[in-house]
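For reference, the structure is listed below as structure tokens.
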Amino acid sequence: MADQDPNQPTYSIGEVREKTGLTSRQIRYYEAMGLIESLRTNGQHRRFTEEMIDRLLTIKELLKEKPSIEAVRQALQQPGAGPPGLSRKKAPALPRYPQLGRQGLTSLYPVSNRADLLAMIQWMEGQKKKKTKKDP
DNA sequence: ATTCTAACA
DNA sequence: TGTTAGTA
């Protein structure tokens with residue numbers, strides 16, 4: 001069988017916006033809500049594989065029947081919720097932003113959270129540097 | 001020109 | 001959600 005192409009094509013958020021009909025705002029929001037993940041370039045720009053695009057299309061359809069992001073997230077976790085032919089072995093989609101919906105960390109003690117800890121630290125690093133347009 | 005995050009409407 | 005500000 002053909003192995004997975006290590007150079008799977010990826011698309012910018014602008015291309016994904018055209019392919020899915022979703023706005024960039026929605027795409028980013030769904031990611032922040034943990035409905036989907038995306039790749040990042042060195043400059044933090046999102047990249048999407050075709051599978052991610054399929055998932056976004058699924059989310060788009062699901063939102064027509066499900067009234068909440070919460071409901072869509074649950075529907076996505078159940079097998080068979082997506083397009084036929086695509087089987088999800090895992091559903092690694094949980095909110096990654098400690099500030100928004102849900103939390104990024106569950107516990108500090110198990111060192112099994114290394115990835116989450118690093119992600120949070122990087123997020124905090126980004127916060128330090130950012131400028132607020134409204135300074136109270 | 002495009003995207004990113006945060007914040008405001 | 002859309003839009004805007006200030007960056008990278």
Side-chain angles (χ1 to χ4, degrees):
Chain A
M1 286 51 137
D3 286 322
Q4 291 255 16
D5 200 317
N7 295 321
Q8 219 171 41
T10 62
Y11 306 81
S12 70
I13 195 170
E15 295 173 311
V16 174
R17 187 198 52 209
E18 294 175 7
K19 285 177 178 287
T20 64
L22 293 168
T23 66
S24 53
R25 177 76 162 89
Q26 291 175 307
I27 297 171
R28 293 181 185 119
Y29 183 64
Y30 300 156
E31 184 187 333
M33 289 300 102
L35 266 48
I36 190 177
E37 291 180 88
S38 73
L39 274 24
R40 291 300 180 116
T41 65
N42 295 329
Q44 301 310 295
H45 284 202
R46 293 176 178 73
R47 291 311 283 183
F48 300 85
T49 63
E50 293 179 11
E51 289 185 344
M52 293 171 182
I53 293 176
D54 282 338
R55 192 187 175 87
L56 281 170
L57 288 172
T58 299
I59 291 172
K60 183 179 179 182
E61 296 309 305
L62 242 33
L63 279 172
K64 291 178 180 176
E65 11 186 329
K66 308 292 181 178
S68 69
I69 295 293
E70 204 58 44
V72 173
R73 184 187 309 164
Q74 294 180 58
L76 281 171
Q77 284 193 302
Q78 303 187 308
L86 288 178
S87 59
R88 274 164 290 291
K89 293 163 185 146
K90 293 196 298 180
L94 285 174
R96 307 172 59 209
Y97 301 93
Q99 189 179 50
L100 300 176
R102 297 299 181 279
Q103 69 274 28
L105 290 176
T106 301
S107 169
L108 285 176
Y109 288 101
V111 190
S112 57
N113 289 46
R114 210 188 132 80
D116 282 321
L117 286 168
L118 290 175
M120 188 183 86
I121 291 172
Q122 289 178 2
W123 178 80
M124 288 169 70
E125 290 294 320
Q127 291 301 295
K128 295 180 185 175
K129 199 187 171 198
K130 254 139 201 169
K131 249 314 191 181
T132 51
K133 70 177 175 183
K134 189 175 187 181
D135 202 5

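Chain naming here is simple, since letters A, B, ... match the order of the sequence lines and numbering starts at 1 in each. The structure presented is a predicted model; accordingly, all values stated were derived computationally and were not measured. Side chains included, hydrogens not; waters and symmetry mates left out as well; all remaining heavy atoms used.
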* Asked: Just wondering, do A:Leu39 and A:Arg46 contact through their side chains at under 4.5 Å, heavy atoms?
  -> no
* Asked: Between B:dT5 atom C1' and A:Arg40 atom CZ, what is the distance in whole Å?
  -> 9 Å
* **Set of residues satisfying side chain to side chain donor-acceptor pair (under 3.5 Å) with respect to A:Ser24, sequence neighbours excluded** => none
* Please state how far atom CZ in A:Arg17 lies from atom P in C:dT1, giving the value in whole angstrom units. => 16 Å
* In whole angstrom, give the distance that lies between atom OH of A:Tyr11 and atom P of B:dT2. => 19 Å
* Structure fact -> The single option from A:Thr23, A:Leu35, A:Ile69, A:Leu22 that satisfies side-chain contact (heavy atoms from CB on, under 4.5 Å) with A:Tyr29 is A:Ile69
* Structure fact -> Rounded to whole Å, the CG-P distance (A:Leu22 to C:dT1) equals 9 Å
* Asked: Between A:Glu31 (CD) and B:dT5 (P), how many Å, whole number?
  -> 8 Å
* Asked: Taking only residues two or more places apart in sequence, or in another chain, which ones meet A:Ser12 in a side chain to side chain contact (heavy atoms under 4.5 Å, CB included)?
  -> A:Glu15, A:Arg47
* Structure fact -> Rounded to whole Å, NZ of A:Lys60 lies from C1' of C:dT1 at a distance of 15 Å
* Structure fact -> Rounded to whole Å, the CD-P distance (A:Glu18 to B:dT2) equals 10 Å
* Asked: With sequence neighbours left out, what residues match A:Glu50 under side chain to side chain donor-acceptor pair (under 3.5 Å)?
  -> A:Tyr11
* C:dT1 phosphate, OP1 or OP2, under 4.0 Å from A:Thr23 side-chain N/O -> no
* To do: Determine the stems involving DNA chain C; a stem requires 3 or more consecutive pairs of the Watson-Crick or G-U wobble kind, each with both distances below 3.5 Å, and the answer is none if no such run exists.
  => B:4-9 with C:1-6
* Under-4.0 Å side-chain N/O to phosphate OP1/OP2 contact, A:Ser12 with B:dT2 -> no
* Which part of the nucleic acid, if any, lies within contact of A:Ser24, taking any heavy atom under 4.0 Å across all strands shown: a base, the sugar-phosphate backbone alone, or nothing? -> nothing
* Length of the OH-P vector between A:Tyr29 and B:dC8, whole Å -> 17 Å
* For A:Arg25 and A:Glu15, take the nucleotide of DNA chain B holding the closest heavy atom to each; which residue's nucleotide lies nearer the 5' end? -> A:Glu15
* **Set of side chain to side chain donor-acceptor pair (under 3.5 Å) partners for A:Gln44, sequence neighbours left out** => none
* Look at the side chain of A:Arg46 against the base of B:dT3 and say whether a donor-acceptor pair falls under 3.5 Å; ignore hydrogens and angles. => no
* Phosphate-side-chain proximity, A:Gln26 and C:dT1, N/O vs OP1/OP2 below 4.0 Å -> yes
* To do: Please work out if A:Tyr30 contacts a base, only the sugar-phosphate, or nothing of the nucleic acid, heavy-atom cut-off 4.0 Å.
  => sugar-phosphate
* **Least distance between heavy atoms, A:Glu31 atom then A:Ser38 atom** => OE1-OG, 3.1 Å
* Pairwise 5' ranking along DNA chain C for A:Gly43 and A:Leu63, keeping only the more 5' one -> A:Leu63
